[in-house]
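The next block holds one structure in the form of structure tokens; read it before the comments.
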Protein chains: 2
Amino acid sequence: MNDLPTRKTLPQLDESLLTHLPPFSKLERRQLRTILDQASSRRYEPGTAIFEEDAPAERFYLLLDGYVRVVRVTPTGEQVTALHIPAGQLMGFAKAIGRQTYPATAITATESIALSWPMRLWETFAAEYEGFSTETYKTVGTRLGEINNRVVEISTLQVEQRVASALLRLIHQTGRKVPDGIEIDFPITRQDLSEMTATTLHTVSRLLSAWEKKGMVESRRKRIKVLDPRALAAISEARIE
Amino acid sequence: MNDLPTRKTLPQLDESLLTHLPPFSKLERRQLRTILDQASSRRYEPGTAIFEEDAPAERFYLLLDGYVRVVRVTPTGEQVTALHIPAGQLMGFAKAIGRQTYPATAITATESIALSWPMRLWETFAAEYEGFSTETYKTVGTRLGEINNRVVEISTLQVEQRVASALLRLIHQTGRKVPDGIEIDFPITRQDLSEMTATTLHTVSRLLSAWEKKGMVESRRKRIKVLDPRALAAISEARIE
DNA sequence: GACCAAGTTTGCGCAAGCGCAATGTTCTGA
DNA sequence: TCAGAACATTGCGCTTGCGCAAACTTGGTC
């Protein structure tokens, strides 16, 4: 689905949006001003594709608020979620890794706000803004490591270990402390979780129901709270005899 | 296992080793001379770890000759092969993606020769040599794409599809045309193939035996030749009804 | 408040493919 | 040339987890 070219929705973006983010943290206020003046800002509904796999990479993005799932779709229409991107991260910077098109589809998991810039500005930003490039490639390195972890997990772990591991990863990366546990800080269905763990929504449902009976998790529609992370860790790390 | 620091094994390396490789293709002879003068060259036996996961990333490497498997080992000792690296590619450049340690283990699949440089030279190379950085990040982008393909395959395909797909990828990337087909250009066991495809050596053996009976492949110890790539493609792309 | 779509639950049969075992073959090194 | 290790083959029972089905629950919209 093609979005209309994004346009400014705020009169002027404040520099404080960027100062604490690693790619921008070494810049002076007037540099941030210049960067923001060239940005488009846009709000996206949950479930929207910010950019799509194989589309020409015309813009790069900074997720200001919300969560995004990085997804590939197979020829038979199955969706596989490789990564989640939290607020504060750059994404869609295909040019940085020598590509002309986006390598995957970025779908919002929540209502989200993102800034974007035309891809032709990438090289300028990389050349002129101290730390911008270095921090971006750190992000690439982190994502490469995470996807490699995914390969290892899917190749070697049984399904309940994978689901437990995914829940732990989610609460670690995007969890919100609540009185009796840690809640995943965005809506997530059994289908969503199954797309991250190479299984089906029914298998995820059976596992979550069993774990709920044991008091390890608590869930409602699109809401999962982990009450006993150690028990899940024990499952995900168990060695099959 | 720690190798002794590598040392020069040839009097002087010839510039022609580099001129056709993308990271070095825009450089002048004297620049190549400078680069080679700072390189260590080393020959590795098959099955040797050039560098290991989580070891401090002290050197970066260029594979001059041979093939290398990029491997992760699980806590239970299972090996998972994420990628193969052919001759001509840079590897182990952890600094480029903001890391202090190697993200995986690089194991030679064949007798191999590699050049290496101390990691402290990375930034100099990136800053001073035109195209070096750009081409390196293109390699990163390609590898990211390939690993993402792995996640999708392992998540969604049945085992015979994955093995067929892996064989096609191997002959496409490292195949050598022979009279009646395409042979994988390095020794590869059923165990090796199973580590690439999230299965076991027995399952791979059964599949290869069945395909050999049908005239699709021909194999001996550590040698696999594909006689009918189209038949394998049909298997790997089959849609389950 | 009602309706309906989306999401969740649960049962059960079955298929995919693994584990285990045993045997056979081939290549390397002494 | 021989021994032994590494690699390959094959059978078969069993486990894992999926497919299919059906029903239930919940939340959003009108």
Side-chain angles (χ1 to χ4, degrees), chain A residues 45-47 76-80 109 111 153-167 184 186-214 217-225 235 238-241, chain B residues 45-47 74 76-80 109-111 153-164 166-167 184 186-214 217-225 235-236 238-241:
Chain A
E45 292 291 322
T76 55
E78 291 174 83
Q79 276 196 333
V80 176
E111 174 180 339
E153 280 190 4
I154 299 173
S155 298
T156 61
L157 299 184
Q158 290 185 320
V159 67
E160 82 167 335
Q161 296 182 289
R162 300 201 299 274
V163 177
S165 179
L167 286 178
I184 294 169
F186 58 91
I188 181 165
T189 65
R190 272 82 172 129
Q191 177 66 29
D192 292 338
L193 203 44
S194 72
E195 288 170 8
M196 297 173 58
T197 52
T199 185
T200 65
L201 81 91
H202 301 103
T203 301
V204 171
S205 187
R206 289 186 193 101
L207 290 169
L208 285 179
S209 292
W211 290 340
E212 193 152 11
K213 285 188 175 63
K214 293 176 181 172
V217 300
E218 188 182 284
S219 72
R220 278 176 19 245
R221 250 168 125 84
K222 292 186 167 181
R223 283 275 149 203
I224 300 177
K225 185 196 304 180
I235 289 176
R239 302 206 180 183
I240 282 73
E241 222 31 66
Chain B
E45 293 291 320
T74 71
T76 54
E78 290 174 85
Q79 275 195 337
V80 176
T110 57
E111 174 180 341
E153 280 191 3
I154 299 174
S155 298
T156 60
L157 300 184
Q158 291 185 318
V159 68
E160 81 168 337
Q161 296 184 288
R162 300 201 298 274
V163 177
L167 286 177
I184 294 170
F186 58 91
I188 181 165
T189 66
R190 270 84 172 128
Q191 177 66 29
D192 291 339
L193 203 43
S194 73
E195 287 169 9
M196 297 171 61
T197 52
T199 185
T200 65
L201 81 90
H202 302 102
T203 301
V204 171
S205 189
R206 290 186 192 99
L207 290 169
L208 284 179
S209 293
W211 291 340
E212 191 150 15
K213 287 190 172 65
K214 291 175 179 172
V217 301
E218 188 182 285
S219 73
R220 282 179 14 248
R221 243 171 130 83
K222 292 185 169 184
R223 283 277 150 202
I224 300 177
K225 184 195 304 179
I235 289 177
S236 76
R239 301 201 182 190
I240 283 74
E241 220 32 66

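We name chains A, B, ... by the order of the sequence lines, and we start the count at 1 in each one.
Taking atom CZ on B/Arg223 and atom C1' on C/dT26, their separation rounds to 15 Å, with Å as the unit. When rounded to the nearest whole Å, the span between CD of B/Glu218 and P of D/dA8 equals 15 Å. Following rounding to the nearest Å, A/Leu157 (CG) and C/dC18 (P) show an atom-to-atom distance of 15 Å. Distance B/Leu207 CG to D/dT9 P: 11 Å, rounded to the nearest Å. Here the P atom of nucleotide D/dT10 and the CG atom of B/Leu208 are 11 Å apart, to the nearest Å. One interatomic measurement links the two molecules: CD of B/Gln158 to C1' of C/dC14, which rounds to 13 Å at whole-angstrom precision. Separating the NZ atom of B/Lys222 from the C1' atom of D/dA6 is a distance of 8 Å, rounded to the nearest angstrom. Nucleotide C/dA6 holds its C1' atom 16 Å from the CD1 atom of A/Ile188, rounded to whole Å.
OP1 or OP2 of C/dT9 lies within a sub-4.0 Å distance of a side-chain N or O belonging to A/Ser209. Between B/Lys213 and the phosphate of D/dT10, there is a side-chain N or O to OP1/OP2 separation shorter than 4.0 Å. The phosphate of C/dT9 (OP1 or OP2) has a side-chain N or O of A/Ser205 nearer than 4.0 angstrom. Remark: A/Thr189 is not in phosphate contact with C/dG7, judged by side-chain N or O atoms under 4.0 Å from OP1 or OP2.
Shown are B/Thr199, B/Thr203, B/Leu201; of these, the side-chain contact (heavy atoms from CB on, under 4.5 Å) with B/Arg190 is made only by B/Leu201.
Along DNA chain D, the nucleotide nearest to A/Arg162 and the one nearest to B/Glu212 differ in position, and the one closer to the 5' end is contacted by B/Glu212. When each of B/His202 and B/Arg221 is assigned the nucleotide of DNA chain D bearing its nearest heavy atom, the one mapping closer to the 5' terminus is B/Arg221. Comparing A/Arg206 and A/Arg220 by the nucleotide of DNA chain C that holds the closest heavy atom to each, the one mapping nearer the 5' end is A/Arg220.
Comparing C/dC18, C/dG7, D/dT9 by their nearest atom to the side chain of B/Arg190 picks out D/dT9. Candidate nucleotides D/dG19, D/dG17, C/dT10 were compared by shortest atom distance to the side chain of A/Thr200, and D/dG19 ranks first.
Side-chain contact check for A/Thr189 versus A/Val204: every heavy-atom pair is 4.5 Å or farther apart. Contact annotation: the side chain of B/Thr197 never approaches that of B/Val159 to less than 4.5 Å [non-hydrogen atoms, C-beta and beyond]. At a threshold of 4.5 Å between non-hydrogen side-chain atoms, the residues A/Val80 and A/Glu195 do not count as touching. Side-chain contact check for B/Glu111 versus B/Glu45: every heavy-atom pair is 4.5 Å or farther apart. Using a 4.5 Å heavy-atom cutoff, the side chains of B/Val217 and B/Leu208 are in contact.
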Practice prompt. Dump the intermediate steps for side-chain contact (heavy atoms from CB on, under 4.5 Å) on B/Val163 and B/Ile235, then the final yes or no.
Written response: CA-CA 9 Å; B/Val163 177; B/Ile235 289 177; over 6 Å; no
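When heavy atoms are screened at a 4.0 angstrom cut-off, A/Leu201 is found touching base atoms of the nucleic acid. At a threshold of 4.0 angstrom between heavy atoms, the contacts of A/Thr199 are confined to the sugar-phosphate backbone, with no base atom among them.
The closest side-chain donor-acceptor pair between B/Thr74 and B/Thr76 falls under 3.5 angstrom.
Proximity of residues 191-198 of chain A to DNA chain C (heavy atom under 4.0 angstrom from any strand atom) is not detected for any residue.
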